[in-house]
Amino acid sequence: MGVQDGAWRARLEAGGAHLAHALRAVGRGAADLLLPPLAHDSAEATASAGLTPDAWSRIVFLEDPVCDGCGAPFAVEGGAFADARCPACMAQPYAFDRARAACVYDEASRGLILKFKHGDHQPFAPLFARWVSRAAAPLLAEADCVVPVPLHRFRLLARRFNQAAEVARPLARDAGLDFIPDALVRQTHTATQGGKSARGRRLNVRKAFAVTEAGRRRIKGRRILLVDDVLTTGATAEACARALVEAGARAVDLAVVARVRSARELTK
């Protein structure tokens, strides 16, 4: 083959590559036209995957000032000399050190979370992770690793995935933190926490969680960011935090997608 033939072949191959790239672009455009990207919460087409404008406007995102201990919003800004924690967190601190939530758990967010949790709608996971990363930025900055609240194996088989782990994974990856999905196990198949009082929830999960041997080696002396979907009374997160601290963790903070609006009440 002559030099001229080789040059023509190279130009032909380059032209073919450009044509293929152009055809792929046209194909993507046609696909988007026929099947445009959908919002996670609706069949309404959006420019990019996320929430529809209406759903977005109804989410109550939590902004400072919030209680450093439970993440509940303060009613008013107290100024430079205000307490960082609500009265309940000062009087009866949680087993975890600090908490942050991305939004309020109400009618607007509940449907999204339940669709993710029980409807196997996993595209919500990276969206929720972005929400949590913003709300829990101070906790992420000091964390050594990220640990999700585990599901019991029977519930995991029924649900097929652990919603806390699916949020925690991209959260850890984007923050450059160690992700330890198997640090904790749920060793008892407890009844659902729904409908139980604060005391009932604590009793339900009192000895439900344990640290695995592999997890024990990886959490020792480290500050952990524990991740869950919803914070109500804090009973589940407290049980996890106690197990982690007893196994050698230096401290445990909590980050959740949503929390109930009201602050804690003092319990007897």
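Every heavy atom of this structure was used, including side-chain atoms; hydrogens, water molecules and symmetry mates were not.
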Quick one: does any side-chain atom of [X] pair with a main-chain N or O of [Y] as donor and acceptor, under 3.5 Å?
X: D106; Y: A108; answer: yes
X: S109; Y: V104; answer: yes
X: E166; Y: A125; answer: no

- Query: Parallel, tilted or perpendicular: which describes the rings of W56 and F61, with under 30° parallel and over 60° perpendicular?
  - Reply: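 The arrangement is tilted - the two ring planes meet at 30° to 60°.
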Taking all atoms of both residues into account, what is the closest heavy-atom pair of [X] and [Y], and its distance?
X: W131; Y: V257; result: CE3-CG1, 4.4 Å
X: A168; Y: F179; result: CB-CE1, 3.7 Å
X: V149; Y: A164; result: O-CB, 3.6 Å
X: P126; Y: P170; result: CA-CG, 4.4 Å
X: G71; Y: V66; result: O-CB, 3.7 Å
X: R261; Y: P73; result: O-CD, 3.7 Å

- Query: Rounded to the nearest 0.5 Å, how far does SG of C70 lie from CD of Q92?
  - Reply: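 Reported value, rounded in 0.5 Å steps: 12.0 Å.
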- Query: Rounded to the nearest 0.5 Å, how far does CG of L112 lie from CG of L51?
  - Reply: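 Going from the CG atom of L51 to the CG atom of L112 covers 6.0 Å.
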- L184 side chain near C240 side chain, heavy-atom distance below 4.5 Å: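 Side-chain contact under 4.5 Å: yes.
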Listed partners of [X] passing salt bridge (Lys or Arg N to Asp or Glu O under 4.0 Å), at least two apart:
X: E246; answer: none
X: D178; answer: R218, R222
X: R100; answer: D68
X: E107; answer: none

- SB check R58 D54 (cutoff 4.0 Å):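 D54 and R58: salt-bridged.
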- Check against salt bridge (Lys or Arg N to Asp or Glu O under 4.0 Å), R242 and E238: CA-CA 6 Å; R242 287 196 179 97; E238 273 209 294; 3.6 Å; yes
State which residue, out of [options], fulfils the side-chain contact (heavy atoms from CB on, under 4.5 Å) condition with [X].
X: L226; options: D253, V256, V252; answer: V252
X: Q163; options: V230, L151, I113; answer: L151
X: R259; options: T232, L231, L254; answer: L231

- Task: Just do the side chain to side chain contact (heavy atoms under 4.5 Å, CB included) check on V146 and V227 with the steps written out, would you?
- Result: CA-CA 7 Å; V146 177; V227 174; 3.7 Å; yes
- Is NZ or CZ of R110 both nearer than 6.0 Å to the six-membered ring centre of Y105 and within 45° of the ring axis?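 Geometry flag: set, cation within 6.0 Å and 45°.
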- Going through the checks in order, is the side chain to side chain contact (heavy atoms under 4.5 Å, CB included) test met by V60 and C103? CA-CA 5 Å; V60 181; C103 64; 5.7 Å; no
Do [X] and [Y] land in one hydrophobic cluster if side-chain heavy atoms of ILVMFWY residues count as linked below 4.5 Å?
X: L177; Y: V132; result: yes
X: I59; Y: L127; result: yes
X: F124; Y: L114; result: yes

Applying side chain to side chain contact (heavy atoms under 4.5 Å, CB included), can you list everything that pairs with [X], at least two apart in sequence or on another chain?
X: V185; answer: A210, T212
X: I219; answer: I180, A183, V211, I224, L244, A247, A249
X: D174; answer: none

Could you go through residues 136-144 and list every donor-acceptor pair under 3.5 Å that involves a side-chain atom there, pairing it with any protein atom two or more places apart or in another chain?
residue	atom	partner	partner atom	Å
E142	OE1	R98	NH2	3.4
D144	OD2	R223	N	2.7
D144	OD2	R250	NH2	3.1

- Item | Non-neighbouring partners of F96 that pass ring-ring contact (aromatic ring centres under 6.0 Å, His included), sequence neighbours left out |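 F96 satisfies ring-ring contact (aromatic ring centres under 6.0 Å, His included) with Y94 only.
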- Would you please name every residue forming a side-chain hydrogen bond (donor to acceptor under 3.5 Å, both in side chains) with R173, sequence neighbours left out?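 Here no residue qualifies.
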